[in-house]
Chemist: 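Handing you this structure, nothing more for now.
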Amino acid sequence: MKIKCVLIDDEPLAIKVLLNYFDNFSEFEVIGTFNNPLEGLEFININAVDVVFLDINMPMMTGFELISLLEKKTRIIITTAFREFAAESYDLEVLDYLVKPIPLPRFIKSIQKIEADFNLKNNIKVDNHRIEPHIFIKVDKKMVKINIDEILFIEGMKEYIKVATTDKTYITHKSLTSLTEEMPADRFMRIHKSFTIALNKVKSIEGNRIHINSYTIPIGRNYSKDVKIRILE
């Protein structure tokens with residue numbers, strides 16, 4: 001059962017960005033895109049729609065006005081360039097609030113929230129023990145899924161990072177800091193200005209170096225104390 005989505009935004013580029021993101025999620029189906037909020041409202045009121053990605057500032061009608069005119073309960077994800085409407089949007093019980101430009105990791109979190117809500121609403125039981133935590137990174141113009149348990153370490157290389165897994169390495173245009181923040185804090189640790197490691201993959205520590213599989217990774221001077229406390233104690 002696919003989750004049916006509608007995108008409403010008076011900016012064609014904003015809709016194009018979302019459509020590109022949705023290409024990576026086969027469980028979602030975009031059944032309508034609208035630059036005109038009146039046309040979008042009419043479509044939603046006569047079709048089965050699970051979630052609407054909705055801009056706030058639009059000509060003829062604001063996103064909030066559109067919400068007030070919906071004839072049936074539909075989940076709403078606000079997409080806007082303005083942070084100041086967040087409180088008002090949550091008063092309307094919107095499911096999420098995305099601030100443009102919308103980064104892919106933030107979009108993925110919203111997608112996960114929609115899936116959880118959809119499964120709960122439709123009494124779909126999910127065996128969480130069988131779902132492997134994962135991330136998506138962009139490699140050669142496509143989004144690649146990487147299971148977190150397969151990651152050995154992440155290496156920062158100026159404007160790029162290298163993600164080393166048990167059987168392959170990936171290069172993507174991203175900062176080490178931003179990807180480290182996406183990792184589970186109880187399983188990963190920054191040990192150097194250029195390295196974040198998977199703690200459960202550490203084989204040994206020798207002086208200021210950590211061994212993971214065949215790799216030897218330096219421990220930064222400013223990180224040394226915290227690293228040894230976390231790993232050795």
Side-chain angles (χ1 to χ4, degrees), residues 20-28 96 98 101-117 119-120 124-233:
N20 287 337
Y21 285 172
F22 272 115
D23 281 344
N24 300 287
F25 301 94
S26 59
E27 61 272 34
F28 287 80
D96 207 353
L98 302 178
I102 302 168
L104 179 58
R106 182 64 183 84
F107 176 81
I108 292 173
K109 288 183 179 180
S110 193
I111 287 295
Q112 292 169 339
K113 189 177 293 188
I114 294 169
E115 288 180 310
D117 180 78
N119 291 338
L120 180 63
I124 299 173
K125 293 184 178 181
V126 178
D127 186 355
N128 291 320
H129 296 290
R130 301 181 67 180
I131 298 177
E132 296 183 354
H134 59 270
I135 58 170
F136 281 91
I137 64 171
K138 190 170 186 178
V139 180
D140 296 330
K141 298 183 179 180
K142 65 181 179 180
M143 300 306 299
V144 177
K145 178 181 176 180
I146 302 176
N147 291 332
I148 287 178
D149 191 53
E150 296 177 359
I151 297 175
L152 303 176
F153 64 89
I154 307 164
E155 180 180 358
M157 302 182 296
K158 294 187 177 179
E159 296 180 356
Y160 293 84
I161 56 171
K162 177 172 73 175
V163 180
T165 70
T166 51
D167 61 359
K168 194 173 182 179
T169 60
Y170 303 88
I171 305 295
T172 186
H173 188 276
K174 198 178 183 73
S175 74
L176 178 61
T177 297
S178 64
L179 189 57
T180 299
E181 290 174 351
E182 293 180 40
M183 297 294 102
D186 61 328
R187 297 172 61 182
F188 288 80
M189 183 178 187
R190 185 86 170 257
I191 67 164
H192 188 278
K193 66 178 181 179
S194 299
F195 289 94
T196 292
I197 66 164
L199 294 169
N200 66 340
K201 299 295 192 298
V202 174
K203 298 299 183 183
S204 63
I205 298 179
E206 182 181 359
N208 282 325
R209 295 185 180 278
I210 280 178
H211 300 282
I212 296 179
N213 286 11
S214 60
Y215 299 96
T216 299
I217 302 170
I219 302 173
R221 182 180 300 175
N222 295 333
Y223 299 84
S224 180
K225 182 178 179 181
D226 290 339
V227 169
K228 291 179 179 178
I229 289 175
R230 183 115 180 243
I231 295 177
L232 298 178
E233 295 185 3

Chemist: By salt bridge (charged side-chain N to carboxylate O under 4.0 Å, His left out), which residues pair with K162, not counting sequence neighbours?
Modeler: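 E155.
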
Chemist: How close do P184 and I148 get, counting heavy atoms only, and between which atoms?
Modeler: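 That closest heavy-atom pairing would be CD-CD1, 3.9 Å.
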
Chemist: For the pair S204 (side chain) and H211 (backbone), establish whether a donor and an acceptor sit closer than 3.5 Å, ignoring hydrogens and angles.
Modeler: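 It does not hold such a pair.
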
Chemist: Give the minimum heavy-atom separation between S110 and D96, together with the two atoms involved.
Modeler: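 For S110 and D96, the tightest heavy-atom pair comes out as OG-OD2, 3.1 Å.
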
Chemist: Rounded to the nearest 0.5 Å, how far does CZ of F136 lie from NZ of K145?
Modeler: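 Between atom NZ of K145 and atom CZ of F136 there are 6.0 Å.
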
Chemist: Given side chains that start at C-beta, do those of I137 and I161 come closer than 4.5 Å, heavy atoms only?
Modeler: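 SC-SC contact between I137 and I161 ruled out.
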
Chemist: From L152 CG over to I212 CD1, what is the distance, rounded to the nearest 0.5 angstrom?
Modeler: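 Answer for the CG-CD1 pair, L152 versus I212, is 6.5 Å.
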
Chemist: Which atom names give the shortest non-hydrogen contact between P103 and P101, and what distance separates them?
Modeler: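 Residues P103 and P101, closest heavy atoms: CD-O, 3.2 Å.
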
Chemist: Measure the spacing between OH of Y21 and CE of M143 and express it to the nearest 0.5 Å.
Modeler: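 Y21 atom OH to M143 atom CE measures 8.0 Å (nearest 0.5 Å).
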
Chemist: To the nearest 0.5 Å, tell me how far F153 CZ sits from T169 OG1.
Modeler: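 F153 CZ to T169 OG1: 8.5 Å, rounded to 0.5 Å.
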
Chemist: Under the side-chain contact (heavy atoms from CB on, under 4.5 Å) rule, what do I197 and V227 come out as? Steps first, then yes or no, please.
Modeler: CA-CA 10 Å; I197 66 164; V227 169; 5.8 Å; no

Chemist: Can you find a heavy atom in the side chain of H173 that is under 4.5 Å from one in the side chain of K138?
Modeler: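 Counting from C-beta outward, H173 and K138 never come under 4.5 Å.
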
Chemist: Counting only heavy atoms from other residues, nucleotides and ligands, does the tally under 6.0 Å from CG of N200 exceed 12?
Modeler: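 Yes, CG of N200 has more than 12 neighbouring heavy atoms, counting only those of other groups under 6.0 Å.
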
Chemist: Which pairs count as salt bridge (Lys or Arg N to Asp or Glu O under 4.0 Å) when at least one residue sits in residues 196-214, sequence neighbours excluded?
Modeler: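 For residues 196-214, and leaving out neighbouring residues, the salt bridge (Lys or Arg N to Asp or Glu O under 4.0 Å) pairs sorted by first residue read D149-K201.
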
Chemist: Hey, are the side chains of I231 and I210 touching, using non-hydrogen atoms and a 4.5 Å cut-off?
Modeler: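 In contact.
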
Chemist: Starting from the C-alpha separation in whole Å, work towards a yes-or-no answer on side-chain contact (heavy atoms from CB on, under 4.5 Å) for Y223 and F195.
Modeler: CA-CA 11 Å; Y223 299 84; F195 289 94; over 6 Å; no

Chemist: Parallel, tilted or perpendicular: which fits the ring planes of F107 and F22, with parallel below 30° and perpendicular above 60°?
Modeler: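 F107 and F22: perpendicular rings.
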
Chemist: Taking all non-hydrogen atoms of both residues, which atom of S224 and which atom of N208 are closest, and how far apart?
Modeler: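 Looking at all heavy atoms of both residues, the closest pair is OG-OD1, 3.5 Å.
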
Chemist: Report yes if the side chains of T172 and V144 come closer than 4.5 Å at any heavy-atom pair, otherwise no.
Modeler: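 Contact flag for T172/V144 side chains = no.
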
Chemist: If you round to the nearest 0.5 Å, how far is OG1 of T165 from CD1 of I151?
Modeler: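 Atom-to-atom, I151:CD1 and T165:OG1 are 8.0 Å apart.
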
Chemist: Looking at R190 and D226, is there a salt bridge between them, counting it only when a charged N and a carboxylate O are closer than 4.0 Å?
Modeler: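 R190 and D226: not salt-bridged.
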
Chemist: What's the separation between atom CD1 in I154 and atom CD1 in I135, rounded to the nearest 0.5 Å?
Modeler: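 Spacing of CD1 (I154) from CD1 (I135) equals 6.0 Å.
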
Chemist: Name all pairs fulfilling the salt bridge (Lys or Arg N to Asp or Glu O under 4.0 Å) condition that reach into residues 167-177, sequence neighbours left out, sorted by first residue then second.
Modeler: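 Every pair satisfying salt bridge (Lys or Arg N to Asp or Glu O under 4.0 Å) with a residue in residues 167-177: K174-E182.
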
Chemist: Answer yes or no: is there a side-chain heavy-atom contact under 4.5 Å between L98 and R106?
Modeler: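 With C-beta onward as the side chain, the pair touches.
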
